[in-house]
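Here the structure is laid out as structure tokens; the discussion comes afterwards.
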Amino acid sequence: MMSCSTSSRVTQPIFMDVLQVENPPFEVRELSVTPWAAGRQEGGTGLLFKLTLSEPFATLDSIYYNGNTTVWKRDTSQPNAAVYTANQASKKHPKKNLILDGNSQKEYGNTPPIKPTNQAAIFYRKNNRPQVYLVTEIKRLPTINYM
């Protein structure tokens with residue numbers, strides 16, 4: 001049984017009970033992501049985000065990307081620049097063998113690999129209210145392999 005919604009629609013989208021805005025109170029000059037891998041298997045992998053704003057913004061909170069949230073930290077090595085970084089370590093999941101079989105029912109449980117998206121949500125506070133801005137232009141940098 002299907003029916004149409006009779007409730008009124010909100011004019012501004014809500015992202016997890018947070019107001020989503022199109023024009024944030026800061027200007028994003030660049031958002032880049034650099035994949036990294038430790039030199040040992042137990043060291044893990046992750047993503048390093050670098051956000052450059054036109055001027056410092058005091059209430060920047062976190063970034064949500066591919067299902068994970070990481071807190072921004074101000075890069076104090078450049079005191080005159082508004083540069084923020086976030087290091088998102090990948091969650092450790094035990095490797096599962098991929099099941100390939102002529103009988104598709106035996107392949108049940110295979111999970112597709114996580115494909116990186118080109119969209120991230122930047123969370124911040126304005127007037128003590130949480131808000132989010134979606135960034136769709138993310139610069140991907142070459143992977144850093146630590147030894």
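What's counted below: heavy atoms across the whole structure, side chains too, no hydrogens, waters or symmetry copies. Being a predicted model, the structure only gives us computed values, none of them experimental.
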Test side chain to side chain contact (heavy atoms under 4.5 Å, CB included) on I122 and L60 and set out the steps. CA-CA 8 Å; I122 296 177; L60 202 58; 3.7 Å; yes

Is L19 linked to V135 within one hydrophobic cluster, defined over Ile, Leu, Val, Met, Phe, Trp and Tyr using a side-chain heavy-atom separation of less than 4.5 Å? yes

Taking atom CZ of F49 and atom NZ of K139, what is their separation to the nearest 0.5 Å? 15.5 Å

Could you tell me which non-hydrogen atom of E55 sits nearest to which non-hydrogen atom of A82, and how far apart they are? C-CB, 3.3 Å

With rounding to the nearest 0.5 angstrom, report the CG to OG1 distance, L51 to T85. 10.0 Å

Does any non-hydrogen side-chain atom of Y124 lie less than 4.5 Å from one of V21? yes

Roughly how far, to the nearest 0.5 Å, is CD of Q88 from OG of S62? 10.5 Å

Between V28 and F26 the two heavy atoms that sit nearest each other are CG2-CE1, 3.8 Å

Considering all heavy atoms of both residues, which atom of L48 and which atom of W36 are nearest to each other, and what is their separation? N-CD1, 3.8 Å

For a quick test of reading the model, state the closest non-hydrogen atom pair linking K50 to V83 and the distance between them. CE-CG1, 3.7 Å

Atom pair CD/OG1 of Q131 and T59 - distance to nearest 0.5 Å: 9.0 Å

Using modelled atom types only, decide if a donor and an acceptor are shared between the side chain of D101 and the backbone of K106 within a distance under 3.5 Å. no

Which atoms form the tightest heavy-atom contact between Y84 and P56, and what is the distance? OH-CA, 3.6 Å

Assess whether atom CG of N103 is packed by more than 12 heavy atoms of other residues, nucleotides or ligands within 6.0 Å. yes

Should E137 and L31 count as side-chain neighbours, where that means a heavy-atom distance under 4.5 Å? no

Write down the atom of P35, the atom of L47, and the distance for their closest heavy-atom approach. CA-CD2, 3.8 Å

OH of Y133 to CG of N23: how many Å apart, nearest 0.5 Å? 7.5 Å

Reported CZ-to-CZ distance for the pair R74 and F57, which is rounded to 0.5 angstrom: 12.5 Å

My understanding is that only residues two or more places apart in sequence, or in another chain, count here; which of them pass salt bridge (Lys or Arg N to Asp or Glu O under 4.0 Å) with E27? none

